[in-house]
Amino acid sequence: MYQAPRGTSDILPEQQGIWNFINNIAKNSSEIFGFKEISTPTFEETELFQRGVGSDSDIVQKEMYSFTDSSEKSFTLKPEGTAATCRAFIENGMNNLPKPIRLFYISSMYRHERPQSGRLRQHHQFGAEVFGDESPEIDSELIELALHYLNSLGLKNLKIKINSIGDLTTRSKFSEDLKLFFGPYKSQMNSVDKKRLETNPIRLLDSKDNNLENLKENSPKSIDYLDEESKLHWNSVLNNVHNLTKTYTKFDIEIDHKLVRGLDYYNRTVFEIHPNEEKSQSSILSGGRYDDLMNLLGGPDVPGVGFGSGIERIILNLENQQFLLPDNYINKGPKLTMISLGNQDLTNTCIEIATFLRNNNISVILAPKNRSIKGQMRYANSCNSENVLIIGEKELEKSSALIKNLKDSSEKPVDLSPKNILKILKKI
RNA sequence: GUGGGCGUAGUGUAGUGGUUAACACGUCAGGUUGUGGCCCUGAAGAUCGAGGGUUCAAAUCCCUCCGCUCACCCCA
């Protein structure tokens, strides 16, 4: 038997409601903030991600779905949205549009990981990016979009972790100092951390090794290494975000000097949003600033800031807090189910009426015609149909039918002209 | 890549060595003449994840593989 590939899953009809709800909120929040939707291809040239996400990152090192097509070119299913959005920006000359340029997307992402709760090989992200403005107000505006989105979804008890990791030059000094600080403890580290100490000491702050916890509390902090400009930027972002939490009251702020992020392209502001009770893979939205990325990808010197939010993780969190889906997202049955008891002529009459009604925006299904009236009624009921129209040979002779409301069980004869039926249904 | 837990009808479960593998939900049919939801009756539906082994006898014990799941790593 065929199965969905590992780490992927079907979204069944009964789950579509919550997905539509989240997609609509994402779109609505984005539009309120003036963001425009962009869609990029499912796959891109592998090199885009190697350069964009960074060849040292875990994503590129071991999680990409790469393949070679018949022209021997290597492509990769997109593991994240920012690099692809930057590519589209460059390729379409969006640098000539009035800046800043605000974009959002809702798209599938693919990473070859071992699946577990909140982690899949195909997942969906709502992402937003702003290009062409390095002011701190843009960082906090983007964060506000995130808060607005999560707030509108009805998520409660969230915490925003925020940090500034400075720019490329100040970071190298920070990195060196971390190496000096952690160096003496190398013998106590696990093999992964030992390697990090050499190649990317900043990532040591990410380590979940409990042995390092106490050490990390006293380790050098990236915000102490910021140059004047970055420091002003950081203070301003922080101040703005504090102001936001007056309106968006469900969020706590935590300055987390251990937050450094695993994607190589970030500079200055980095942030993550988590539920207050953290578990594994609890981050539901995360992002930061990436002023050098566009350039790195061969584009103009344009700063950027963005976030991505995993929709599956949002759903997990909504389910954890006994979320009730608004009524209008709950699967409704058809307005009418047609029940016919008789020969082919009668069936044809039903089809004609159904066609007419559908073309007038009424949802109609036909009950399976070979069943008894009881069987057809049961079918209509299990489909949650609002009404049924019963036509038998008796009715056909008199050119009439019975219309029955399944909610209140009321029933009345109607004239069998499509227009008349339409008129009656519109009134119900 | 590493480790733990788990694989029995469509779904959720019971069954831990002994006839035709049980129950609930779901599906389909019937419950008198042409009426759904509740209720009642019946039917269909499972090579007990796959392969091998032990045994007179295996869903049950052993081995291998596969899958799912949780955790690590990492991330959304």
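Letters go in sequence order (proteins before strands), and every chain restarts at 1. The structure displayed is predicted, hence computed values, not measured ones.
On the P atoms, B/A21 is 14 Å away from B/A44, given to the nearest whole Å. Between B/U33 and B/C39, the distance separating the two C1' atoms is 22 Å to the nearest Å. Spacing of P atoms, B/A57 relative to B/U20, comes out at 14 Å, to the nearest Å. If you take atom C1' in B/G49 and the same atom in B/A58, they sit 16 Å apart, rounded to whole Å. Taking atom P on both nucleotides, B/G5 is separated from B/G18 by 25 Å, rounded to a whole Å. Comparing the C1' positions of B/G67 and B/A50 gives a spacing of 10 Å, expressed to the nearest Å. Comparing the C1' positions of B/G15 and B/G51 gives a spacing of 24 Å, expressed to the nearest Å. Annotation: B/C56 and B/C23 have their C1' atoms spaced 31 Å apart (nearest Å).
The base of B/A76 sits within donor-acceptor range of the side chain of A/R111, with an N or O pair under 3.5 Å. With hydrogens and angles left out, the side chain of A/S409 and the base of B/G37 share a donor-acceptor pair within 3.5 Å. No N or O donor and acceptor, one from the side chain of A/K374 and one from the base of B/G34, sit under 3.5 Å apart.
Among the atoms of the strands shown, base atoms are found under 4.0 Å from some heavy atom of A/E395. Within the 4.0 angstrom heavy-atom criterion, no nucleotide atom of any strand lies near A/S385. Among the protein residues, A/E113 comes within range of the nucleic acid bases, having at least one heavy atom under 4.0 Å from a base atom. Among the heavy atoms of the strands lying under 4.0 Å from A/L285 are primed sugar atoms or P, OP1, OP2 only; no base atom is included. Within 4.0 Å (heavy atoms only), A/L120 reaches at least one base atom of the nucleic acid.
Between B/A71 and A/Q116, a contact under 4.0 Å exists linking OP1 or OP2 to a side-chain N or O. For A/S286, a side-chain nitrogen or oxygen approaches OP1 or OP2 of B/A76 to under 4.0 Å.
The nucleotide B/U64 finds its pairing partner in B/A50, both defining distances of the Watson-Crick or G-U wobble pair being shorter than 3.5 Å. Figure legend. B/G17 is base-paired to no nucleotide; pairs are counted as Watson-Crick or G-U wobble with both atom distances under 3.5 Å. In this structure B/C23 sits in a base pair with B/G12, meeting the Watson-Crick or G-U test at under 3.5 Å. Nucleotide B/U33 has no partner under the Watson-Crick or G-U criteria, as no pair reaches both atom distances under 3.5 Å. In this structure, B/G45 makes no Watson-Crick or G-U wobble pair, since no nucleotide meets both defining distances under 3.5 angstrom. Figure legend. B/U2 is base-paired to B/A71; pairs are counted as Watson-Crick or G-U wobble with both atom distances under 3.5 Å.
For A/D291 and A/N267, the side-chain atoms include at least one donor-acceptor pair closer than 3.5 Å. Side-chain contact, A/Q344 with A/N348: a donor N or O sits under 3.5 Å from an acceptor N or O. With hydrogens and angles left out, the side-chain atoms of A/Y149 and A/N28 include no donor and acceptor closer than 3.5 Å.
Remark: P of B/A76 and NE2 of A/H274 are 10 Å apart, rounded to the nearest angstrom. Taking atom CG of A/D58 as the reference point, atom C1' of B/A76 lies 14 Å away to the nearest angstrom. Going from atom CZ of A/F49 over to atom C1' of B/C75 covers 16 Å, rounded to whole Å. Across the protein-nucleic acid pair, A/Q376 atom CD and B/G34 atom P stand 13 Å apart, rounded to whole Å. A/M338 has its CE atom 20 Å from the P atom of B/G34, to the nearest Å. As a whole-Å value, the separation of A/H123 NE2 from B/A76 C1' is 4 Å. Between the CD1 atom of A/I59 and the C1' atom of B/C75 there is a distance of 7 Å, rounded to whole Å. As a whole-Å value, the separation of A/R378 CZ from B/G30 P is 8 Å.
Of the residues listed (A/H124, A/Q125, A/Q122), the one engaging A/M109 in a side chain to side chain contact (heavy atoms under 4.5 Å, CB included) is A/Q125, and it is the only one.
Ring centroids of A/Y65 and A/Y110 are separated by 6.0 Å or more, keeping the two rings apart. Taking the six-membered ring wherever Trp is involved, the centroid distance between the rings of A/F33 and A/F104 does not fall below 6.0 Å. The distance between the ring centers of A/F21 and A/F323 falls below 6.0 angstrom.
Among the nucleotides B/U69, B/A76, B/U35, the one closest to the side chain of A/R114 is B/U69. Distance from the side chain of A/L406 is smallest to B/G36 among B/G34, B/G36, B/G30. Distances were taken from every side-chain heavy atom of A/S117 (C-beta onward) to each of B/C75, B/U69, B/A71; the shortest belongs to B/A71.
To the nearest 0.5 Å, atoms CD (A/E144) and OG1 (A/T245) are separated by 11.0 Å.
Map A/Y379 and A/V388 each onto its nearest nucleotide of RNA chain B; the residue landing nearer the 5' end is A/Y379. Take the nearest nucleotide of RNA chain B for A/R6 and for A/S309: the residue whose nucleotide is more 5' is A/R6.
Taking syn as a glycosidic angle within 90° of 0, B/G37 qualifies as syn.
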